[in-house]
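Indexing begins at 1, ligand by ligand and atom by atom, following the structure's order.
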Amino acid sequence: MRIDEILKNKRTLSFETFPPKKGQEEDLIKTKEVLKELAKLNPDFISVTYGAGGSNSKGNVELASFIKNELNIEALAHLTGGPSTKEDIDRVALEFKKNNIENVLALRGDKPLDYNMEYCKEFKHATDLMEYLKKYDFTLAGACYPEGHIECDSLHADLEYMKLKEELGAKFFVTQIFFDNEYYYRLVSEARKVGIKSPIIPGIMPLISPKSIARTKSMCGSTIPLNYRNMLEFYMNKPKAFKELGYNYAVYQIMDLLAKGAPGIHLYVMNNVDTAKEITRRIENVIKEYF
Ligand code: FAD
């Protein structure tokens, strides 16, 4: 089923996962075991990332297909235009079609450290990829940024491109990670003002180790509010208490988001089954009554 159709009838719970790196394909078996465990938590869909350099497309297709055809859960396959040629995109899109994968999150992709003009040669932006993918009739989704995208001059310019994504077929959006819900509410409110109508699913990542803070900050630059930062520092040297804080803060964000009308929750669990289990256990009744 197309995810935009699911969103018309209910709130969605979803998990983000990633395929093994190129050259570590034997890890696909382990990742499938992870996916089987995640499936037991009854998500509405599971998304699979696509390597920034386009390196692990095989793993992306194989896992999205496994989710859809073996686990009978909707798959949201990410696809990045930046590192790809039209031939690459056609090859992967045809694989998606062959495997009955209907939902695609169309992205530009993170610029690699060795970024040069070759990157983004054929698909400068996610919008170019969306335009190109029209012929395949996927349900398209787009990424959006509660704090504005790091390369964008203003939130308003960013919103104009978000609107363009909707005009080019994006049926829903998934946000970048954020730790201050006010940024999400501002994004939704400003998006509605410029006429964007599609559901905007908030993306939540529980910080469960000090290492994950550094990784998250460098990857997406999301602001950590002062009161949360103080707590993170206080519990820094006590791993179990630190984890507890990460789970509880994510649960607090989720409870607040649902109370204010979020159309679903996308959990950046990044193949961590324990995180997915902990969060869903802590909001078990909320899931029963509000999803
Ligand atoms: P774009 O929409 O192209 O935006 C990039 C910048 O260009 C923004 O500043 C935007 O305002 C501007 N812009 C957009 N359209 C235009 C236009 N038409 N003309 C001029 N300027 C424009 N990365 C991966 O490599 N693999 C993944 O699987 C992956 N999954 C992600 C999932 C989610 C939910 C999110 C939020 C991000 C994900 N990323 C992933 C990271 C993402 O690729 C980066 O954030 C990247 O820098 C931007 O991708 P985008 O699709 O938003 O790009």
Side-chain angles (χ1 to χ4, degrees), residues 3 12 14-22 45-57 59-61 63-64 75-84 88-89 92 96 103-115 119-133 140-170 172-178 183-184 187 190-191 194 196 198-205 215-222 264-271:
I3 294 168
T12 53
S14 51
F15 301 132
E16 182 150 320
T17 63
F18 61 89
K21 287 195 183 116
K22 197 175 180 186
F45 66 90
I46 299 178
S47 77
V48 187
T49 64
Y50 194 89
S55 55
N56 59 354
S57 67
N60 166 282
V61 173
L63 294 180
L76 175 61
H78 298 201
L79 183 57
T80 59
S84 311
D88 293 332
I89 295 299
V92 178
F96 286 164
N103 306 286
V104 175
L105 177 58
L107 300 145
R108 182 195 68 189
D110 277 321
K111 285 184 177 171
L113 291 176
D114 57 352
Y115 174 74
Y119 193 84
C120 296
K121 206 168 154 195
E122 298 197 32
F123 300 99
K124 222 168 165 8
H125 289 288
T127 46
D128 302 311
L129 179 61
M130 287 173 169
E131 177 77 52
Y132 191 73
L133 286 174
L140 294 181
C144 64
Y145 301 85
E147 298 182 53
H149 186 264
I150 201 153
E151 291 162 36
C152 208
D153 293 339
S154 70
L155 181 65
H156 259 265
D158 221 15
L159 280 164
E160 285 307 317
Y161 297 126
M162 190 176 163
K163 192 166 176 219
L164 183 57
K165 289 181 185 180
E166 188 178 68
E167 285 161 10
L168 289 168
F172 65 98
F173 291 90
V174 183
T175 76
Q176 182 59 284
I177 297 158
F178 59 89
Y183 286 116
Y184 171 80
L187 174 76
E190 295 301 313
V194 299
I196 297 164
S198 308
I200 300 172
I201 304 177
I204 297 297
M205 177 183 262
R215 211 173 35 235
T216 308
K217 286 257 355 141
S218 68
M219 259 168 50
C220 54
S222 311
I265 298 292
H266 184 67
L267 278 178
Y268 283 93
V269 295
M270 310 319 289
N271 299 9

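When the heavy-atom distances from atom 29 (C) of ligand 1 to Asp158, Leu76, Leu107 are ranked, the shortest goes to Leu107. The option with the heavy atom closest to atom 1 (P) of ligand 1, from among Pro83, Ala126, Gly109, is Ala126.
Between His78 and Thr49, the side chains place no donor N or O within less than 3.5 Å of an acceptor N or O (distance only, hydrogens not considered).
Among the atoms of Arg108, some N or O lies under 3.5 angstrom from an N or O of ligand 1. Every N/O-N/O distance between Thr175 and ligand 1 stays at or above 3.5 Å. At under 3.5 Å, not a single nitrogen or oxygen of Glu16, backbone or side chain, sits near a nitrogen or oxygen of ligand 1. When only interatomic distances are considered, the shortest N/O to N/O separation between Asp110 and ligand 1 falls below 3.5 Å.
Shown are Tyr183, Tyr145, Tyr184; of these, the ring pair (Phe, Tyr, Trp, His ring centres under 6.0 Å) with Phe178 is made only by Tyr184.
Relative ring orientation between His125 and Tyr161 is described as parallel, the plane-to-plane angle staying below 30° on a 0-90° scale split at 30° and 60°.
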Exercise for the section: I would like to know whether Phe96 and Asn60 meet side chain to side chain contact (heavy atoms under 4.5 Å, CB included); could you show each step before the answer? Expected result: CA-CA 10 Å; Phe96 286 164; Asn60 166 282; 3.4 Å; yes
Handout entry: side chain to side chain contact (heavy atoms under 4.5 Å, CB included) between Met162 and Leu159, intermediate numbers included
Key = CA-CA 5 Å; Met162 190 176 163; Leu159 280 164; 4.1 Å; yes
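Atom CD1 in Ile204 sits 10.5 Å away from atom NE2 in His266 (nearest 0.5 Å). For the atom pair Ile3 CD1 and Leu76 CG, the distance stands at 4.5 Å (nearest 0.5 Å). Of the inter-residue distances, the one linking Glu160 atom CD with Glu167 atom CD reads 8.5 Å to the nearest 0.5 angstrom. How far CD of Gln176 is from CG of Leu187: 11.5 Å, rounded to the nearest 0.5 Å.
Listed by number with element, the atoms of ligand 1 under 4.0 Å from a non-hydrogen atom of Thr49 are 28 (O). Atoms of ligand 1 found under 4.0 Å from any heavy atom of Ala143, numbered from 1 in the order shown, are 35 (C), 36 (C), 52 (O).
With a 4.0 Å cut-off on non-hydrogen atoms, Tyr268 touches ligand 1 through its side chain and not its backbone. Counting heavy atoms closer than 4.0 Å to ligand 1, residue His149 contributes side-chain atoms (C-beta onward) but none from N, CA, C or O. Using a 4.0 Å cut-off between heavy atoms, Lys165 contacts ligand 1 through its side chain alone, with no backbone atom that close. Of the heavy atoms in Leu105, only side-chain atoms (C-beta onward) come closer than 4.0 Å to ligand 1. Looking at His78 against ligand 1, only its side chain comes within 4.0 Å, counting heavy atoms. Counting heavy atoms closer than 4.0 Å to ligand 1, residue Val174 contributes atoms from both its backbone and its side chain. Residue contacts with ligand 1, taken as heavy atom pairs separated by less than 4.0 Å, involve Thr80 solely via side-chain atoms from C-beta onward.
Under the 4.0 angstrom criterion for non-hydrogen atoms, Tyr145 is in contact with ligand 1.
A distance-only check finds a donor-acceptor pair linking the side chain of Glu166 to the backbone of Ser198 [under 3.5 Å].
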